[in-house]
Amino acid sequence: MEKTDVVLIGAGIMSATLGVLLRQLQPDWTISVFERLDAAAAESSDPWNNAGTGHSALCELNYSPQNADGSVDVSKAVDINERFQVSRQFWASAVDTGVLNDPAGFINPIPHVSFVHGADNVDYLRKRYEALAPHPLFRGMEFIDSPDEFAKRLPLMAKGRDYSDPVALNWSDGGTDIDFGALTKQLLAHIGYSGGEIAFGTEVRDLDKQSDGTWNVTVRNLRTYQSRTLNAKFVFVGAGGGALPLLQKSGIAEAKGFGGFPISGQFLRSTNPELIAAHEAKVYGKAAVGAPPMSVPHLDTRVINGRKGLLFGPYAGWTPKFLKDGSNADLFKSIKPNNIGSLVGVGLTEMGLTKYLVSELLKSQNGKVGVLEEFLPRADGRDWELITAGQRVQVIRRKGAGGVLEFGTAVISAEDGSIAGLLGASPGASTCVTAMLDVMQRCFPREYAGWTSQLQQMIPSLGQKLSENQALFQEVWDWTNKSLKLDSVSGSTVRDESGLAEVR
């Protein structure tokens, strides 16, 4: 029987990141990557299936909720920004060492902007700004409520706008657009060049735990229908929506009680070059009442294959598939005796989400354009085409006799560290490095202690909080900007001693 040290299931950003980390730390380990589709990053990591904001909480309002007393809780925003900085450092190090050879091919500078309208929302956004702007990780954020400045920064959104309805922006020039598909392909190329096996059109059919703690992994070539079995010391399930069924198939106790709730998405993509050229920012609004966090509306400049694009959405949809090209039986096959209580519990408590999804499914093309008018008052449906984005399977975790629906990511690993997998969605790809470091700490505790020194060379802030070390943050920020070829652009601002800035 063939033997390998590591099997990575799925050729997306998570598997690619873990594979490169292990290749750098243990170049003598053998690695095999299996992907059921015929290309890398063709599911959740594909740029048209992924928001690509480089989630760093600069603009995503769901990471800074308003409390009942009117204050704004920014703790989650700070945590996500910390984790994104780890990703930036790893990518910069990979560029410096030649693992990645074309940073402009996957990451480009773009302003990140929070947008609201209405007096209450403007008040909320000012409070958010006052909480975040003095923070080391968010310095440089601007608060804008001047209609003239709004029109100067976002001319496309200003056309035809009635400013009797007040507007406000939180503006951050330090944001990025990330093509996680292109990044994944560069990382996988390094794994392949350095001797790893990468097999496309190959589906993992079975996972069988052996008495010595290893795994027999049975795969099938979907073109030739030939099967083979490999014996692996470690298995990582980075299969996106396909991860839950495989973890269930493994039989590990840690996967029991988990369920998945699939949510699909659609975007309007501009077909008008003039519109695309007139907007250059990622502008995020507030989610509708009852909408899941992943449905925060945004007018989004993308850079894919060196060309600008413009998206608006997402519009939530529903299908029982766990993958974009999956089966309508996926959800039903995932229902097991050990998770049915979790699923029923969520079904009884998430009526608001159900109502929201039904309203989204009933929305016509004109209705979708009507939502866009909140951002573009003069939106014309003829300038946009509807595209289907990736499928996201939200985590359902057991809680008491029932379950709870979560919108983050969850790492599941066996007690002996022989297998691990990742469930969930946002912030997902943007925090892939911290997620994979978590996997490594859980599954390779003895080796991890010896890897720390080398990891700190790749990620200088490892083990520290940049939010508590301004000097270190500035050092790694300048370095990553230089290595990733991200030009820093400063706005016309006046800043007081607290770090707050208002546009004049």
Side-chain angles (χ1 to χ4, degrees), residues 13 41-55 59-62 108 110 112-113 115 154 156-157 175-182 240-241 262-288 291-305 307-319 321 323-325 356-357 359-376 379-394 407 425-430:
I13 187 62
E43 186 69 46
S44 297
S45 302
D46 180 87
W48 294 118
N49 290 342
N50 189 299
T53 57
H55 284 289
C59 59
E60 304 92 337
L61 297 178
N62 52 303
N108 287 274
I110 193 78
H112 281 202
V113 184
F115 158 66
L154 299 171
L156 195 61
M157 292 178 60
T176 52
D177 174 75
I178 301 175
D179 181 343
F180 284 104
I263 299 178
S264 62
Q266 295 179 318
F267 282 90
L268 290 175
R269 179 168 60 188
S270 179
T271 57
N272 185 333
E274 293 183 4
L275 292 186
I276 296 169
H279 184 81
E280 191 160 345
K282 290 180 176 292
V283 183
Y284 273 57
K286 292 189 74 174
M294 63 176 290
S295 295
V296 173
H298 48 100
L299 185 64
D300 194 345
T301 294
R302 301 301 319 273
V303 182
I304 299 173
N305 295 325
R307 298 183 60 185
K308 279 181 59 179
L310 186 61
L311 294 178
F312 178 79
Y315 300 95
W318 191 83
T319 147
K321 296 180 180 181
L323 294 165
K324 191 172 179 179
D325 70 338
Y356 168 76
L357 289 175
S359 69
E360 286 287 284
L361 290 170
L362 295 175
K363 195 169 287 178
S364 66
Q365 175 80 358
N366 287 338
K368 290 179 169 62
V369 173
V371 176
L372 172 59
E373 289 175 350
E374 179 183 1
F375 284 67
L376 299 181
D380 185 336
R382 293 171 296 183
D383 294 327
W384 303 83
E385 62 181 355
L386 192 65
I387 64 171
T388 300
Q391 192 79 348
R392 300 291 184 266
V393 178
Q394 307 301 327
F407 291 98
S426 183
S430 302

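These numbers come from a predicted model, not from an experiment.
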Do side-chain atoms of [X] reach the backbone of [Y] as a donor and acceptor pair under 3.5 angstrom?
X	Y	answer
His112	Thr176	yes
Ser45	Ile13	yes
Asn49	Glu43	yes
Thr271	Asp383	yes

Trace of the side-chain contact (heavy atoms from CB on, under 4.5 Å) decision for Arg302 with Lys282: CA-CA 8 Å; Arg302 301 301 319 273; Lys282 290 180 176 292; 3.5 Å; yes
Criterion side-chain contact (heavy atoms from CB on, under 4.5 Å) on Val369 and Phe312, from CA distance to verdict: CA-CA 9 Å; Val369 173; Phe312 178 79; over 6 Å; no
Start with the C-alpha gap between Glu60 and Val296, add the side-chain angles, then the distance that decides, and say whether side-chain contact (heavy atoms from CB on, under 4.5 Å) holds. CA-CA 8 Å; Glu60 304 92 337; Val296 173; over 6 Å; no
Spacing of [X] atom [atom1] and [Y] atom [atom2] [to the nearest 0.5 Å]:
X	Y	atom1	atom2	result
Ser264	Leu323	OG	CG	12.5 Å
Leu299	Leu372	CG	CG	7.0 Å
Arg392	Ile263	CZ	CD1	10.5 Å
Glu385	Phe267	CD	CZ	13.5 Å

Would you say CG of Asn305 has more than 12 non-hydrogen atoms from neighbouring residues, nucleotides or ligands within 6.0 angstrom? no
Is the ring pair Tyr284/His298 parallel, tilted or perpendicular, if the boundaries are 30 and 60 degrees? parallel
Which atoms form the tightest heavy-atom contact between [X] and [Y], and what is the distance?
X	Y	value
Pro262	Lys321	CB-O, 3.2 Å
Pro47	Ile304	CB-CD1, 3.5 Å
Leu311	Trp384	C-CZ3, 4.4 Å
Thr388	Lys324	O-NZ, 2.8 Å
Ala41	Gly181	CB-CA, 3.7 Å

Sequence neighbours excluded, which residues qualify as salt bridge (charged side-chain N to carboxylate O under 4.0 Å, His left out) partners of [X]?
X	result
Arg382	Asp380
Lys308	Glu280
Glu374	none

Given Val303 and Ile110, is the side-chain contact (heavy atoms from CB on, under 4.5 Å) satisfied, shown in steps? CA-CA 10 Å; Val303 182; Ile110 193 78; 5.9 Å; no
Should Phe115 and Cys59 count as side-chain neighbours, where that means a heavy-atom distance under 4.5 Å? no
Of Leu156, Asp300, Asn272, which is the lone residue that meets side chain to side chain contact (heavy atoms under 4.5 Å, CB included) with Leu310? Leu156
